[in-house]
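Dropping the structure in here first, questions after.
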Amino acid sequence: MENAGIKIDTETLARLSKNFEKKIEELDKKIQSIAGVAFNVNSPSQLADVLFTALKLPTKGIKKTKTGFSTAAPELDKLWDAHEIIPMLSEYRELAKLQSTYVEALPKLITKDGRVHTTYNQTVTATGRLSSSEPNLQNIPVKTELGREIRKAFVAPRGKVLLSADYSQIELRLVAVLSRDAAFINAFKDGSDIHTRTAAEVWGVTEKNVTKQQRAAAKAINFGIIYGMGPRSLARATGFSVDEAQQFIDRYFEIHHSVRDYLDATKLKAHAQGFVETYFGRRRYLPEIESGVQALVSAAERMAINMPVQGTAADIMKMAMLRVDGWLSKSGFDARMLLQVHDEIVLEVDENFVGQVALGVREMMESVAGFEVPLVVDVEEGKNWGEMERVE
DNA sequence: AAAGAAAGCGCG
DNA sequence: AAAGCGCGCTTTCTTT
């Protein structure tokens, strides 16, 4: 995969670079003129001075950093309606990030073959995942429309297409497997939308009658579990009060009592043995869990909860990649793996064989483990990584 | 000039 | 007091 690399369309990046540059310059001028003083918008400390001293914006509820008030995105969101400068800062930050980290950086890393070749580090992460560097191809933008424009610069050569295969909800499926939680297992067996199903259970309504807010809250807690989230974070994620969030969590664990038991048992195990492990036995040692320092112990407990889930997903993906590689070799199709992004692999495939390769890759990935809960793989194809459409 | 810390933010 | 896991990269600012 490192040797194969992935093709970059430099003209797309060049066009983006000009557009971004112009907009960044405009915003920079406007921000400084509204501020009334010249300053470096890229400097968080200078920006904090402008916002909280010169413009006297309220600091109530604004997080502190080691040096002063934070200007991070969640804090700016709290000030959204307090001053016209805030939305401009937010837009400036998005553009500046995309420009410096991707649009300007990627072309410098393209080799003579017109492609970028990442390095997959196999001995870096605490959970068993790979990491990717120089360039990191595991954090290419996708969540915002502007970001997705950058992803469109990752392309297939003439006559080929990119094929993406990703595990659907793999970490939550593994929570079901690891905890043997009947409600989750049945939900996945039934193939239902897991967040809608969770919302219906917790509020005691039918899935049809679940509101968007209820589903969003259920999604927040379903993800939160995987990370050891508490009522305060859940409250912030959902807009509930802390009390409401606590009640929601209580109700959640009444239904998913096996998950509660599993989380408790995992913490106890971490304390007793000093390590936790994945379904397949990969370990993470957590020495600080016996430090006696509350903050360190709590942090170690959250790592203990997360690692078996994230780590088992990583184990599965590694095994799946070996199966895909083996299958591709003997299949004779003109296709090769290019990228791995934790729960997704991206391949480059001769356009005449997309359907057959898609079927084979999906089968290799879905049948890798044989759990009580099905593993589901979604496959997409496209001429570039930013505009992919479902196969079948 | 190089190295490192801090803040911030892109992804799963 | 803070309390969601796992990464890598860029910029600013300070230290060596």
Side-chain angles (χ1 to χ4, degrees), chain A residues 39-48 63-76 89-90 92-106 108-109 118-121 123-144 146-148 150-151 164 166-172 175 220-237 242 245 249 263 266 276 284 286 293-314 317 339-345 385:
Chain A
F39 73 107
N40 185 345
V41 183
N42 285 322
S43 165
S45 81
Q46 292 182 37
L47 177 59
K63 273 199 188 163
K64 290 276 196 87
T65 67
K66 285 181 180 172
T67 50
F69 287 107
S70 167
T71 68
E75 311 311 312
L76 295 185
L89 286 168
S90 178
Y92 176 91
R93 282 253 177 94
E94 181 186 4
L95 287 162
K97 177 81 176 183
L98 297 176
Q99 183 80 316
S100 67
T101 306
Y102 306 101
V103 177
E104 292 179 341
L106 285 170
K108 297 177 185 167
L109 296 169
T118 187
T119 298
Y120 286 111
N121 312 294
T123 55
V124 164
T125 69
T127 58
R129 279 184 172 184
L130 304 181
S131 80
S132 160
S133 58
E134 259 183 300
N136 181 355
L137 297 185
Q138 292 179 323
N139 73 343
I140 301 303
V142 69
K143 291 177 178 174
T144 68
L146 283 175
R148 196 175 273 271
I150 291 166
R151 197 167 272 232
S164 157
D166 73 284
Y167 280 112
S168 168
Q169 309 277 12
I170 188 167
E171 292 196 350
L172 221 39
V175 169
I221 192 173
N222 277 337
F223 276 111
I225 293 175
I226 300 169
Y227 306 136
M229 185 169 68
R232 292 183 58 168
S233 314
L234 183 66
R236 194 166 53 77
V242 175
I249 290 170
L263 296 178
T266 301
V276 289
R284 176 177 187 174
L286 298 161
V293 181
Q294 188 51 50
L296 295 183
V297 173
S298 296
E301 286 177 345
R302 292 193 298 274
M303 297 174 199
I305 283 170
N306 176 256
M307 185 273 177
V309 180
Q310 185 182 123
T312 301
M317 179 55 100
L339 306 179
Q340 188 254 42
V341 192
H342 310 305
D343 64 357
E344 169 188 18
I345 54 176
W385 199 17

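Residue numbers start from 1 in every chain, and the chains themselves are labelled A, B, ... in the order their sequence lines are given, proteins ahead of strands.
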Would you classify A:A126 as touching base, sugar-phosphate or nothing, given that sugar-phosphate means primed atoms plus P, OP1 and OP2, and contacts are heavy atoms under 4.0 Å?
sugar-phosphate

Restricting to pairs with a member in residues 129-138 of chain A, which pass salt bridge (Lys or Arg N to Asp or Glu O under 4.0 Å), not counting sequence neighbours?
A:R129-A:E171

Those residues at least two apart in sequence (or on a different chain) that pass ring pair (Phe, Tyr, Trp, His ring centres under 6.0 Å) with A:Y92 are none

If you look at every strand shown and take non-hydrogen atoms under 4.0 Å, does A:K63 touch a base, only sugar-phosphate, or nothing?
sugar-phosphate

Spacing between A:L106 atom CG and C:dG8 atom P, to the nearest angstrom:
17 Å

Work out how far the C1' atom of B:dC9 is from that of C:dA1, and round it to whole angstrom.
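Those two atoms are separated by 24 Å.
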
Flag side-chain contact, heavy atom, 4.5 Å: A:M317 against A:L130
no

Of all residues at least two apart in sequence or in a different chain, which pass the side chain to side chain donor-acceptor pair (under 3.5 Å) check with A:T144?
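A:T144 satisfies side chain to side chain donor-acceptor pair (under 3.5 Å) with A:E94 only.
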
Close N/O contacts between protein and nucleotides 9-12 of chain C (under 3.5 Å):
residue, atom, partner, partner atom, Å
C:dC9, OP1, A:E134, N, 2.8
C:dT10, O3', A:S100, OG, 3.4
C:dT12, OP1, A:N40, ND2, 3.0
C:dT12, O3', A:S43, OG, 3.3

pair A:E75-A:T65: side-chain heavy atoms closer than 4.5 Å
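Of all side-chain heavy-atom pairs linking A:T65 with A:E75, none is under 4.5 Å.
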
Within the 3.5 Å criterion, strictly below it, is a donor on A:N121 or A:S133 matched to an acceptor on the partner's side chain?
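Note: A:N121 and A:S133 side chains meet the donor-acceptor criterion.
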
Describe the nucleic acid contact of A:I226 in one word from base, sugar-phosphate, nothing, applying a heavy-atom distance below 4.0 Å.
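Result for A:I226 = nothing.
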
Structure string for DNA chain C in dot-bracket form, Watson-Crick and G-U at under 3.5 Å, | interchain
....||||||||||||

Spacing of the C1' atoms in B:dG10 and C:dA2 (rounded, Å)
25 Å

Is A:A73 touching bases, backbone alone, or none of the nucleic acid, heavy atoms closer than 4.0 Å?
sugar-phosphate

Where does the chain A footprint on DNA chain B start and end, counting 5' to 3' with a 4.0 Å heavy-atom cut-off?
B:dA6 to B:dG12

Is the backbone N or O of A:Q340 less than 3.5 Å from a side-chain atom of A:Q138, with the two atoms forming a donor-acceptor pair by type?
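Present.
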
Base, sugar-phosphate, or nothing for A:R302, non-hydrogen atoms under 4.0 angstrom?
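Sugar-phosphate contact only.
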
Cation-pi geometry met for A:K64 and A:F69 (6.0 Å, 45°):
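Yes, A:K64 sits over the ring of A:F69.
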
Donor-acceptor contact below 3.5 Å, side chain A:T127 vs main chain A:M307:
no

Which is true for A:V124 with a 4.0 Å heavy-atom rule: it touches a base, it touches only sugar-phosphate, or it touches nothing?
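If one applies the 4.0 Å heavy-atom cut-off, A:V124 turns out to touch the sugar-phosphate alone, with no base involved.
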
Separation of A:L296 atom CG from C:dA2 atom C1', in whole Å?
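Result: 12 Å.
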
Going through the checks in order, is the side chain to side chain contact (heavy atoms under 4.5 Å, CB included) test met by A:N222 and A:Q169?
CA-CA 10 Å; A:N222 277 337; A:Q169 309 277 12; over 6 Å; no

Please examine the side chains of A:T67 and A:S45, heavy atoms only from C-beta on, and report whether any two atoms are closer than 4.5 Å.
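When only atoms from C-beta onward are counted, A:T67 and A:S45 do not touch, as no gap falls below 4.5 Å.
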
